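Quick notes on the structure that follows.
For clarity, every value in this text was computed on a predicted model and none was experimentally measured.
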Amino acid sequence: MQNSYDNQEKLARQNSCCASGNLEYAGFWVRMAAYMIDSVVVFAGLLIVRLIFAGISLAGGGAITGTDILFHYSLKDIILYALKVLYFIAFTYLTGTTLGKKAMNLRVVSKNPEEKLTLFNVVYRETVGRFLCSLPVNIGYIVAGLDSEKRGFHDMLCDTRVVYQKKELQKTEPVQNSVVEKQQEPVYNGYHLIKKDM
């Protein structure tokens with residue numbers, strides 16, 4: 001009985017932190033900082049993939065990976081782009097945040113924060129939405145600094161928001177005695193044991 005009550009209380013706390021009245025939208029600068037952190041993470045991951053492709057090229061497989069197969073994009077370009085997008089899609093869909101957003105205490109939520117983000121919305125946001133944001137001169141990202149809900153074009157397109165993630169309150173047990181009792185230790189004074197206050 002107590003366990004189910006604790007679970008209900010925990011769920012209520014989680015829902016209350018995402019209730020629409022309690023949302024605190026993340027502005028342009030904090031979102032840019034989160035994206036810069038994500039860019040460093042993605043760059044480090046893709047550097048390993050680039051080294052693998054360099055090894056393939058040295059082994060004589062450069063014709064396969066370096067040939068243009070889609071407009072002026074090679075297989076290597078397509079794989080690198082797919083892995084970059086996969087990072088943002090996987091983290092956003094599974095956890096609602098990326099490593100950069102987590103470092104800045106941010107989370108992506110839908111218009112109704114109690115609803116889970118759909119895979120279609122996340123994929124659309126991280127592909128088409130980000131492409132539109134980058135045209136021209138990244139105006140779609142800059143708009144986040146002007147919108148009342150701090151949304152970029154990709155947020156408007158998929159009806160998402162980036163908000164500060166509230167930390168869950170720790171449940172603490174009430175203190176029974178405010179005064180700490182002094183411990184007593186028996187001491188031998190040469191004749192008999194006496195109690196001495198510490």
Test item: [X] side-chain N/O and [Y] main-chain N/O as donor-acceptor pair under 3.5 Å:
X: D147; Y: A144; result: no
X: R31; Y: K150; result: yes
X: N121; Y: C158; result: yes
X: T92; Y: V122; result: no
X: D38; Y: G100; result: yes

With a 4.5 Å cut-off on side-chain heavy-atom distances among I, L, V, M, F, W and Y, is there a chain of contacts connecting [X] to [Y]?
X: V49; Y: V42; answer: yes
X: I89; Y: L94; answer: yes
X: L80; Y: L47; answer: no
X: V123; Y: V162; answer: yes
X: M156; Y: L23; answer: no

*So is K116 actually on top of Y93's ring, under 6.0 Å and inside 45° of the axis?*
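Output yes; distance and angle both within limits.
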
Euclidean distance, [Y] [atom2] relative to [X] [atom1], rounded to 0.5 Å:
X: I139; Y: C133; atom1: CD1; atom2: SG; result: 10.0 Å
X: L51; Y: L46; atom1: CG; atom2: CG; result: 11.0 Å
X: T95; Y: Q165; atom1: OG1; atom2: CD; result: 8.5 Å
X: T98; Y: I37; atom1: OG1; atom2: CD1; result: 8.5 Å
X: L75; Y: F53; atom1: CG; atom2: CZ; result: 5.5 Å
X: K111; Y: R151; atom1: NZ; atom2: CZ; result: 8.5 Å

_Tell me the closest heavy-atom pair linking L132 and L157, and the distance in Å._
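Closest approach of L132 to L157, heavy atoms only: CD1-CD2, 4.2 Å.
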
_Atom of A26, atom of V30 and distance for their closest heavy-atom approach_ = CB-CG1, 3.7 Å

*Heavy atoms of other groups near I48 CD1, more than 12 under 6.0 Å*: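 Result for CD1/I48: open.
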
_Under the criterion side-chain contact (heavy atoms from CB on, under 4.5 Å), I'd like the reasoning laid out for R107 against K101: C-alpha separation, chi angles, the key distance, then a yes or no._
CA-CA 7 Å; R107 184 177 193 79; K101 286 185 178 73; over 6 Å; no

_Using ring centroids (six-membered ring only for Trp), state whether Y124 and H154 fall under 6.0 Å._
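No, the ring centres sit 6.0 Å or more apart.
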
_Test side-chain contact (heavy atoms from CB on, under 4.5 Å) applied to Y81 and V85, I79, L83, the passing residue_ = V85

*Given side-chain contact (heavy atoms from CB on, under 4.5 Å), test L99 with Y87 step by step and report yes or no.*
CA-CA 10 Å; L99 296 177; Y87 165 82; 3.5 Å; yes

*side-chain contact (heavy atoms from CB on, under 4.5 Å) between R130 and Y141: does it pass, once the steps are laid out?*
CA-CA 9 Å; R130 286 199 183 272; Y141 294 113; 3.3 Å; yes

*What is the ring orientation for F88 with Y35, classed by angle as parallel under 30°, tilted 30 to 60°, or perpendicular over 60°?*
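Plane angle under 30°, so parallel.
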
*asked:* L106 vs Y164, test: side-chain contact (heavy atoms from CB on, under 4.5 Å). Steps then yes/no.
replied: CA-CA 5 Å; L106 304 179; Y164 285 97; 3.7 Å; yes

*Let me see the working for D155 and R125 under salt bridge (Lys or Arg N to Asp or Glu O under 4.0 Å), right down to the final yes or no.*
CA-CA 7 Å; D155 293 314; R125 179 183 193 272; 2.7 Å; yes

